[in-house]
Amino acid sequence: MADQYIGRFAPSPTGPLHMGSLVSALGSWADARHHGGRWLVRIEDIDPERESPEAITQILASLEAHHLFADEDITFQRNNSDHYDAALAQLRQQQKLYACTCTRKSLRALNQSYYPGICRDRQHPEADRALRVVVDDQALCFTDLLRGTLKENVTTTVGDFIVRRRGPFYAYQLAVVVDDARQNITHVVRGSDLLDNTARQIVLQQRLHYSTPAYLHLPLALGDDGSKLSKQTGALPLDNTLALQNLQAAWRLLGQQNPATLPTCCGGFLDHCRRSWNREFIPCPPNSA
Ligand code: GLU
Ligand code: ZN
């Protein structure tokens, strides 16, 4: 069925899962399951400098311990270079791709929050350079299922952005868009820290003639000091022996209601999650990520 809901959880293996990642995993799982959809897991391992095979093992063990099982074999972005290259070729053919020789330092000296297209017409050779995609100067509207309509002109927020880094490494924006399209993802449910990537991803979808999925950005689990919990800020890895308690905590952070009698196993609790998931309960700070 072409229109069936297909969701996904797409962690980068920079470390083990923490409560913030569990909120995204559970939220995307519950939204998919509640709508009778499928749920996929994709490991976004395209940045060898920040990632480790050990983290992949830990993430997969954690998902399993929490009974969050994907409907298809788990996919790995490191296997998808051919598809990313094909997308780059498409952009190149449209003359919407160019090599950029600007250094971080030279860009910093410009003191501008967006890349002002310096290398756009310079025809630098591509080898060993970052590649940017040309962004049109126009406002783009998209819908977040919690926040409603959002508007962004990517020219003034980021400008022509990098789709392949020097190295060469594929950029997150490119890989995520290519894989969401290849896997026919209809709903992207993920953390609010990724909200400000969405407009860029839609720019790429339009360039590559892909359809745009529905987006829902979940609240972030905050640390005791109110800062964002992330692997970088040292959020504690999930203790897999406390899987049921972890799921309950993530469920609460998603604003959802507990069952009258608490199930004694993850499977039972997830059954409740599937049935009772309600987007309207998700806490959503107005206009913030
Ligand atoms: N791999 C990204 C991350 O772990 C998430 C990608 C996405 O959900 O779009 O931050
Ligand atoms: Zn440049």
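Both counts, for ligands and for their atoms, begin at 1 and track the order of listing. Along the sequence shown, the residues carry numbers beginning at 1.
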**OP:** Output the list of atoms in ligand 1 that are nearer than 4.0 Å to some heavy atom of Val176, sorted by atom number.
**Re:**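 Result: 9 (O).
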Original post:
What is the SG(Cys102)-the Zn ion (ligand 2)-SG(Cys100) angle, to the nearest 10 degrees?
Top reply: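 It comes to 110°.
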Subject >> Salt bridge Arg42-Asp180, side-chain N to carboxylate O under 4.0 Å >> reply: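 Asp180 and Arg42: salt-bridged.
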**OP:** Give a yes or no on whether Cys119 keeps an N, O or S atom under 2.8 Å from the Zn ion (ligand 2).
**Re:**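 Yes, within the cut-off.
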Original post:
With atoms numbered from 1 as shown, which atoms in ligand 1 lie under 4.0 angstrom from a non-hydrogen atom of Leu194?
Top reply: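 Within the 4.0 Å cut-off of Leu194, ligand 1 contributes 5 (C), 7 (C), 8 (O).
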Original post:
Hey, looking at atom 9 (O) of ligand 1, which of Arg42, Arg190, Gln173 has the closest heavy atom?
Top reply: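 Minimum heavy-atom distance to atom 9 (O) of ligand 1 goes to Arg190.
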**OP:** Can you spot which of Asn240, Leu238, Val41, Ile74 makes a side-chain contact (heavy atoms from CB on, under 4.5 Å) with Leu63?
**Re:**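 Only one option passes, and that is Val41.
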Subject >> Axial cation check for Tyr115 ring with Arg132, 6.0 Å and 45° limits >> reply: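 Because its charged atom sits under 6.0 Å from the ring centre and within 45° of the axis, Arg132 does stack over Tyr115.
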Original post:
With no hydrogens and no angle check, is any side-chain donor or acceptor of Asn278 less than 3.5 Å from a backbone partner on Glu280?
Top reply: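 Yes, the answer is positive, given that a donor and an acceptor are paired below the 3.5 Å cut-off.
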Original post:
Numbering the atoms of ligand 1 from 1, which are under 4.0 Å from a heavy atom of Arg8?
Top reply: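 Selected atoms, number and element: 7 (C), 8 (O), 9 (O).
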Subject >> Sub-4.0 Å heavy-atom approach of Gln201 to ligand 1 >> reply: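 No.
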**OP:** Please determine if the Zn ion (ligand 2) has an N/O/S atom from Ser106 lying under 2.8 Å away.
**Re:**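 No, since none of the N, O or S atoms of Ser106 sits under 2.8 Å from the Zn ion (ligand 2).
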Original post:
For Trp39, which of Trp29, Phe69, Tyr5 qualifies under side-chain contact (heavy atoms from CB on, under 4.5 Å)?
Top reply: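 Considering Trp29, Phe69, Tyr5, a side-chain contact (heavy atoms from CB on, under 4.5 Å) with Trp39 is found only for Trp29.
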Original post:
ligand 1 versus Phe9, non-hydrogen atoms closer than 4.0 Å: side chain, backbone, both, neither?
Top reply: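 Contact part for Phe9 vs ligand 1: neither.
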Subject >> ligand 1 versus Ser12: contacting region, heavy-atom distance under 4.0 Å >> reply: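 Both the backbone and the side chain of Ser12 come within reach of ligand 1.
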Subject >> Those atoms of ligand 1 less than 4.0 Å from some heavy atom in Tyr172 >> reply: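 Contacts of ligand 1 toward Tyr172, numbered from 1: 6 (C), 7 (C), 9 (O).
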Subject >> Heavy-atom donor-acceptor pair, Ser106 side chain to Cys102 backbone, under 3.5 Å >> reply: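 Checked: no pair found.
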Original post:
Okay, side chain of Asp31, backbone of Gly27: is any donor-acceptor separation there less than 3.5 Å?
Top reply: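 Answer holds: no.
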Subject >> Polar side-chain atom of Gln183 near backbone of Leu40 as donor-acceptor pair, under 3.5 Å >> reply: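 Not confirmed, Gln183 side chain does not pair with Leu40 backbone.
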